[in-house]
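Worksheet: one structure, shown below.
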Amino acid sequence: MKYVVSFIGNFIWKLLGGVWLAGIWFMFGIILTCTIVGYPLAVNCFRIGWLCFKPTNKRVGIYFEKNLPLNIIWIILFGWLVIPYAILSITLHIVSIFGIPLILQWLKVGKVCLFPFGAIITY
């Protein structure tokens, strides 16, 4: 039963914007892979992209102070681009009755999107 609920939750998540957010993270990862300096950051982008693709049954721990300079640079350069998309997707989830339980998943993914460095994702 647990897997059925997880499957349905992931399916609704993908319909209401999760695929696009995962695609954005995978695109960031591919762009960073093309640079030598960005390769270590690309691995983190792919992990976050997979979290955005299937967020249910995953736990996230954010250690902001672990990589404080990288997180601040990320928020200034790219983090603010993710916030409007997250707000739009949360609005779509609220309008859709089936998406209301997934709002907590958006909050979890939103934390990781804002502070990707120092995030620990457990399955």
Side-chain angles (χ1 to χ4, degrees):
M1 185 68 175
K2 176 181 170 183
Y3 297 110
V4 173
V5 173
S6 176
F7 175 77
I8 292 171
N10 280 326
F11 182 74
I12 294 171
W13 172 267
K14 290 172 189 169
L15 282 179
L16 296 177
V19 171
W20 294 106
L21 187 62
I24 290 169
W25 278 102
F26 289 137
M27 184 182 66
F28 281 151
I30 290 170
I31 291 170
L32 288 172
T33 302
C34 294
T35 66
I36 295 171
V37 177
Y39 185 75
L41 304 177
V43 174
N44 203 16
C45 287
F46 288 127
R47 281 189 18 220
I48 294 171
W50 188 249
L51 171 72
C52 293
F53 192 68
K54 294 178 83 173
T56 56
N57 292 337
K58 293 186 176 78
R59 294 183 186 201
V60 174
I62 302 292
Y63 299 101
F64 182 75
E65 64 277 351
K66 185 176 179 182
N67 294 314
L68 185 63
L70 285 175
N71 278 322
I72 291 174
I73 291 171
W74 176 262
I75 289 172
I76 291 171
L77 295 179
F78 301 109
W80 63 274
L81 294 172
V82 179
I83 294 171
Y85 181 78
I87 291 172
L88 177 68
S89 296
I90 288 174
T91 305
L92 285 175
H93 278 77
I94 290 172
V95 171
S96 164
I97 293 176
F98 297 110
I100 290 175
L102 295 174
I103 293 172
L104 293 176
Q105 302 300 325
W106 268 108
L107 294 175
K108 175 175 39 175
V109 169
K111 285 191 307 187
V112 174
C113 289
L114 278 179
F115 310 116
F117 307 106
I120 297 175
I121 303 167
T122 57
Y123 301 97

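Computed from heavy atoms alone, side chains included, the values below leave out hydrogens, waters and symmetry copies.
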Please table the atom pairs, donor to acceptor, closer than 3.5 Å between any side-chain atom in residues 35-48 and protein atoms at least two apart or in another chain.
from, atom 1, to, atom 2, distance (Å)
Thr35, OG1, Leu32, O, 2.9
Thr35, OG1, Gly38, N, 3.1
Asn44, ND2, Pro116, O, 2.8
Arg47, NH2, Ala119, O, 3.0

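Residues satisfying the ring pair (Phe, Tyr, Trp, His ring centres under 6.0 Å) criterion with Trp20, sequence neighbours excluded, are absent altogether.
Met27 forms part of a hydrophobic cluster together with Ile31, judged by ILVMFWY side-chain heavy-atom separations under 4.5 Å.
A pairwise comparison of heavy atoms in Gly49 and Trp25 identifies CA-CB, 3.6 Å as the closest pair.
Summarising the geometry, atom CZ belonging to Phe115 is positioned 10.0 Å from atom CG belonging to Leu68; distances are rounded to the nearest 0.5 Å.
By the criterion of side-chain heavy atoms lying less than 4.5 angstrom apart, applied directly or through intervening Ile, Leu, Val, Met, Phe, Trp or Tyr residues, Leu21 is not grouped with Leu88; the two fall into different hydrophobic clusters.
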